[in-house]
Amino acid sequence: MKSLVYQTNGLTVYNSNGEITYRVENYDKSSNEVHIMDLHGNILFTIRKKKIWLFGSWYVYRECGTFSSTEEVKPFLRIKRSSIRDGDWEVRDETNEVFWILRFDPKFSFQIININGDIIAQVKPKQSSNGITLGEDVLTLEVKPRVDHSLVVTLVTVYGLIKGVV
């Protein structure tokens, strides 16, 4: 959960070979917009927070060029608080398919499940081979086969924004 750029907020995602695959730079923590980038800095997704009454929703847009905040662009994903279980989040994609972000404890542990209840990804604190936690900001992300990794990284980023750690 550390930025590659000194003294900014964000996260860096490494693959199992230790190579950087995604990065998120949040230069202004009070900003309502964050970008998911590939290794080369190409923007893949833009996350925007929308304040609705007392609660917020998060909209994710596929990056397809620059657009202004006045343009009406349909979001790829909408993330909002779950009405079923406190602390969980409902995710709907552009085809209205539903996913859930289910938290486990106050720390940064959660699962992303599909509408059938199948776990598609799981995030938990990374531990060394002898069981020592490597730090609150070092996480392990397990993603099931045939799941879009950039989508999962985007959902992890939104959850980090919700928790105020990105």
Side-chain angles (χ1 to χ4, degrees), residues 1-3 8-13 21-38 42-125 136-137 139-144 146-166:
M1 301 297 287
K2 294 287 185 191
S3 167
T8 63
N9 301 299
L11 60 96
T12 307
V13 179
T21 55
Y22 300 101
R23 52 179 253 219
V24 176
E25 301 298 340
N26 185 1
Y27 302 107
D28 179 7
K29 202 166 189 173
S30 64
S31 172
N32 288 331
E33 186 170 285
V34 175
H35 303 286
I36 309 293
M37 297 175 275
D38 65 13
N42 300 313
I43 297 173
L44 305 174
F45 296 100
T46 298
I47 302 169
R48 290 187 176 165
K49 183 177 182 179
K50 301 286 185 176
K51 192 86 167 160
I52 302 172
W53 296 296
L54 297 175
F55 303 105
S57 292
W58 301 85
Y59 292 174
V60 176
Y61 300 88
R62 283 193 189 274
E63 192 58 42
C64 53
T66 307
F67 56 92
S68 71
S69 59
T70 58
E71 290 182 51
E72 193 60 41
V73 178
K74 185 178 178 185
F76 169 64
L77 296 173
R78 295 171 196 237
I79 298 105
K80 66 177 189 171
R81 285 188 188 275
S82 170
S83 58
I84 297 172
R85 212 173 91 169
D86 187 37
D88 295 339
W89 293 81
E90 176 186 294
V91 180
R92 288 191 183 267
D93 71 7
E94 60 194 352
T95 64
N96 217 23
E97 186 174 349
V98 178
F99 300 91
W100 298 93
I101 299 173
L102 305 177
R103 74 179 169 102
F104 287 130
D105 58 37
K107 300 205 187 307
F108 209 84
S109 294
F110 62 94
Q111 291 178 335
I112 301 170
I113 63 170
N114 64 17
I115 192 70
N116 300 323
D118 301 323
I119 299 170
I120 62 170
Q122 183 169 317
V123 176
K124 56 188 172 186
E136 291 182 9
D137 61 343
L139 305 171
T140 247
L141 172 61
E142 296 174 18
V143 182
K144 297 295 181 192
R146 295 182 295 284
V147 174
D148 181 356
H149 291 154
S150 64
L151 169 67
V152 171
V153 168
T154 300
L155 293 176
V156 170
T157 303
V158 170
Y159 194 74
L161 290 165
I162 290 166
K163 293 293 191 178
V165 295
V166 174

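When reading the values below, keep in mind they use all heavy atoms of this one structure, side chains included, and skip hydrogens, waters and symmetry mates.
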Nearest 0.5 angstrom please: [X] [atom1] to [Y] [atom2], how far?
X	Y	atom1	atom2	answer
L44	N42	CG	CG	7.0 Å
D88	E90	CG	CD	11.0 Å
W58	I162	CH2	CD1	6.5 Å
I120	K144	CD1	NZ	10.5 Å
R92	I79	CZ	CD1	12.0 Å
L155	F99	CG	CZ	8.0 Å

For this session: Give the C-alpha distance, both sets of side-chain angles, the deciding distance and a yes or no for side chain to side chain contact (heavy atoms under 4.5 Å, CB included) between R62 and F45.
Result: CA-CA 5 Å; R62 283 193 189 274; F45 296 100; 3.8 Å; yes

[X] and [Y]: which non-hydrogen atoms are nearest, and at how many Å?
X	Y	value
R103	Y159	CB-OH, 3.2 Å
L151	F76	CD1-CE2, 3.8 Å
Y22	S150	OH-N, 3.4 Å
A121	V152	CB-CG1, 3.6 Å
Y61	K50	OH-CE, 3.9 Å

Exercise. Does E94 have any salt bridge (Lys or Arg N to Asp or Glu O under 4.0 Å) partners at least two apart in sequence or in another chain, and if so, which?
Worked result: none

Exercise. Between N114 (side chain) and N116 (backbone), is there a donor-acceptor pair under 3.5 Å?
Worked result: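 Yes, because the side chain of N114 sits within donor-acceptor range (under 3.5 Å) of the backbone of N116.
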
Exercise. Taking D38 for the side chain and T21 for the main chain, is one N or O donor matched with an acceptor at less than 3.5 Å?
Worked result: no

Exercise. Stepwise, does the side chain to side chain contact (heavy atoms under 4.5 Å, CB included) test hold for F110 with V156?
Worked result: CA-CA 9 Å; F110 62 94; V156 170; 3.9 Å; yes

